Amino acid sequence: MTHERPILSIEGLSKSYPTGFWRKPVRVLSDLSCEVRENEIVGFLGPNGAGKTTTIKILNRLAFPDAGKVTLFGGRVRDGADVRRRIGFMPEQPYFYEYLTGGEFLRLCGQLCGMSRTEMESRSSELLSRVGLSGARDTAIRKYSKGMMQRLGLAQALLHDPELVILDEPMSGLDPMGRMEVRGIIRDLKAAGKTVFFSSHILSDVEALCDRVIMLHKGRKVAEGRVEELIGAETLHIELVVSPVLPADRLAAAGIPPEAGYAHGALLVLRAPDNGQANRWIAALLREGCMVISCVPMKKGLEEIFMERVGVSVATGTAS
Amino acid sequence: MIRRILSIAANTFRETIRNKILYAILAFALFVIGMTFFLADLSVGDFARIIADVGLASIHIFGVIMAVFLGINLVSNEVDRKTIHIILSKPVRRSEFIFGKTLGLSVTLLLTTLAMAAVLFLVHLSYQYGGRAEIGIFIASAGIYMELVLLTCLASLFSTFTTPVLSAIFTLSLFLVGHLTKYLYVLGEQSKAAAVRWGSRFLFFLLPNLENFNWKNEVAYGGLKSFSILGWAAGYLAAYAACVLCLSCLLFARKDFK
Ligand SMILES: Nc1ncnc2c1ncn2[C@@H]1O[C@H](COP(=O)(O)OP(=O)(O)OP(=O)(O)O)[C@@H](O)[C@H]1O
Ligand SMILES: [Mg+2]
């Protein structure tokens, strides 16, 4: 269940980076507007260089936009400690002080967030075990592997129990187990009433986890919506599997174009363009003495939608 | 706010004391200062001069090397290594970060200066003064330490907007010029052109006057006349450092991190 109150809203965000002394600056974000509502999991998608990290940096005041406004928790983002205390952030490939141990680093984060010593100790052991780093608490970060750094990055983001968690590619660099654990953590955050905004390239994870997605391409938003709406809105075709395989002439006689199907062993697979056709075909096939084994609407995955939106916008981008 | 500055300072302190290069410089410095023990044998008569010329000069030079070496990397390392991303995403102001980093390094430099002064003190104590404790060493070192803090502030100011190498060049230039501003002023006053006189007065006012922290000679020649010179130097340090730090914060306030 999601509430409609936006916890994060971005309006008309634009950002350019200078490329050289006299060359034209490159546009990284163009008039990006979107929002994240309370208790949602929102995926932030886009190909390499789309501007995801830049947007996330702006949200954390590590970069400043040329134009546009970011509103967090209904008020403007200030350097204000109250707003920051309610946000957890994990950067892309998090970097830490190598001379500290994992435990020391979390203690520093806790101090900076104004946590009490006892609260900090209990939270950090809880989180270290949640991300599978209990054994590495007293190991110097210098000796951590890439995946371990990623896990520590997640632990520090969640340490102060933030309401809004912003993660830049939380699954990258993790093994399949690690990815599953991170998915579990994100789901638990939602169950605990938190809001999660994360960027990712792993579309299957996004599809499985997110309530909504925002797609970015070349600094522009190309899609925003609920996952099931984006996916559900576009049924590709309905796949019928029947048995036995009918020859082409009997199919044609039953009013089914033979090119709509192919034999797969002892089964005949048919692709009906819509529900009406599918029902008419089923009736005809039953009359012909066939058995219907399955009837599945084939929907576009996030991947197809992503490719399509990105492709389309490339085309319109070059046309204009 | 104070708690966050102190946390950052404590972490910076830990960072610097886990720095192996710092230990190497410190070990070499202590060795050189320890060697003044044998120097006393060679020189004729006046041990006080040895303190002034060799011992305190070593403390000064090695202190400057440490301050510049650590100062230029103070902020730029965090930006380059992206460790600053997590820190600034916490409820930490950028100004608190700058103040904390500078404070942490100042504490490290306090310890290294104390260590060097203590070795010189022991050399002095062990030699033919018949166990006389020369407190002047610590008084002169206090001046050196104040200068180091100021250089640290300058180095970290430069490191907010330029590369470590350029920061080092700028800081060392200011170190040299800072010991010569008096001459600049005297030369300027001799000029007939008013513009030059005002220009040199302006520069004299703008540039750090590091001779304010230098009372090595007074200490060597029979001690300080009065402690007011220390108070004046501390006040000058506080005012100048505050200006430099505020300028750093201003330059740092809206910087984009890569
Ligand atoms: N500091 C910078 N200076 C100049 N250009 C930059 C800077 N940071 C990012 N860019 C440019 O901005 C664009 C967007 O970069 P960004 O890191 O936001 O992409 P991204 O969507 O996070 O990509 P990825 O999926 O690879 O992480 C890129 O073209 C990049 O070259
Ligand atoms: Mg990125």
Side-chain angles (χ1 to χ4, degrees), chain A residues 15-18 28 53-54 56-66 78-101 104-116 140-142 149 152-153 155-157 159-160 162 165-166 168, chain B residues 1-23 70 73-101 103-105 108 160-162 249-258:
Chain A
K15 172 84 186 164
S16 309
Y17 277 113
V28 176
T53 300
T54 306
I56 289 176
K57 272 186 198 160
I58 291 171
L59 299 181
N60 287 288
R61 292 185 65 91
L62 296 171
F64 296 90
D66 303 334
R78 286 161 292 125
D79 237 338
D82 327 333
V83 175
R84 292 293 134 201
R85 226 186 300 279
R86 294 161 72 180
I87 300 177
F89 166 55
M90 169 176 154
E92 185 176 33
Q93 294 166 12
Y95 294 90
F96 306 97
Y97 300 111
E98 303 211 314
Y99 50 88
L100 296 182
T101 67
E104 284 173 335
F105 185 76
L106 289 186
R107 205 169 306 137
L108 171 66
C109 291
Q111 283 169 355
L112 294 179
C113 293
M115 292 169 76
S116 74
I141 298 177
R142 196 181 321 110
M149 302 255 248
L152 183 61
Q156 64 77 28
L159 184 70
H160 51 295
V165 180
I166 301 174
D168 199 351
Chain B
M1 179 179 104
I2 296 298
R3 192 175 164 216
R4 295 191 293 262
I5 292 180
L6 290 180
S7 303
I8 291 173
N11 187 51
T12 306
F13 175 68
R14 197 156 37 177
E15 173 185 355
T16 48
I17 59 163
R18 290 184 188 178
N19 187 327
K20 296 203 176 61
I21 301 174
L22 175 69
Y23 282 114
L70 294 172
N73 290 316
L74 197 60
V75 175
S76 58
N77 254 356
E78 298 243 2
V79 173
D80 294 344
R81 295 187 186 164
K82 301 190 181 180
T83 47
I84 198 169
H85 291 201
I86 288 180
I87 300 303
L88 290 187
S89 74
K90 305 292 178 211
V92 173
R93 289 194 193 90
R94 292 190 179 194
S95 51
E96 292 167 352
F97 179 78
I98 298 270
F99 276 89
K101 292 297 288 183
L103 180 63
L105 179 49
T108 307
T160 59
F161 64 87
T162 185
C249 293
L250 218 62
L251 291 175
F252 205 54
R254 291 191 75 82
K255 192 180 165 78
D256 283 345
F257 298 114
K258 63 167 170 29

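Note that the structure is predicted; figures quoted are calculated from it, not measured. These values consider heavy atoms only, across backbone and side chains, with no hydrogens, waters or symmetry-generated copies.
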Report yes if the side chains of [X] and [Y] come closer than 4.5 Å at any heavy-atom pair, otherwise no.
{"X": "B/Ile87", "Y": "A/Tyr97", "result": "yes"}
{"X": "B/Asn11", "Y": "A/Gln111", "result": "no"}
{"X": "A/Phe89", "Y": "B/Ile86", "result": "no"}

Q) Side chain, backbone, both or neither: which part of B/Arg254 has a non-hydrogen atom closer than 4.5 Å to chain A? A) both
Q. By a 4.5 Å heavy-atom criterion (distance strictly below it), what part of B/Glu96 contacts chain A: side chain, backbone, both, or neither?
A. neither
Q) OG/B/Ser89 to CG/A/Leu112 distance, rounded to the nearest 0.5 angstrom? A) 9.5 Å
Q. From B/Lys90 NZ over to A/Asn60 CG, what is the distance, rounded to the nearest 0.5 angstrom?
A.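 Answer rounded to 0.5 Å: 9.5 Å.
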Q: Could you check which of A/Pro94, A/Pro91, A/Gly153 has the highest count of heavy-atom pairs closer than 4.5 Å to chain B?
A: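 Among the listed options, the one with the most contacts to chain B is A/Pro91.
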Q. Looking at A/Gln93, A/Gln156, A/Arg107, A/Arg86, which makes the most heavy-atom pairs under 4.5 Å with chain B?
A.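 Looking at each of A/Gln93, A/Gln156, A/Arg107, A/Arg86 in turn, A/Gln156 comes out on top.
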Q. So A/Leu100 and B/Arg18, side-chain contact (heavy atoms from CB on, under 4.5 Å) or not? Walk me through it.
A. CA-CA 10 Å; A/Leu100 296 182; B/Arg18 290 184 188 178; 4.2 Å; yes
Q. Counting heavy-atom pairs under 4.5 Å to chain A, which of B/Ile8, B/Thr83, B/Ile84 comes out on top?
A.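 Among B/Ile8, B/Thr83, B/Ile84, the one with the most close pairs to chain A is B/Thr83.
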(Q) Among B/His85, B/Arg81, B/Arg4, B/Lys258, which residue has the highest count of heavy-atom pairs closer than 4.5 Å to chain A? (A)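 Ranked by contacts with chain A, first place is B/His85.
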Q) Do you know the tightest heavy-atom contact between A/Lys57 and B/Phe257? A) NZ-O, 3.3 Å
Q: Can you see which heavy atom on B/Arg94 is nearest to which on A/Phe64, and at what distance?
A: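 Nearest heavy atoms, B/Arg94 then A/Phe64: NH2-CE1, 3.6 Å.
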Q.
Restricting to side-chain hydrogen bond (donor to acceptor under 3.5 Å, both in side chains), what partner residues turn up for A/Glu98, sequence neighbours left out?
A.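 Testing A/Glu98 for side-chain hydrogen bond (donor to acceptor under 3.5 Å, both in side chains), a comparison that skips the adjacent residues, returns none.
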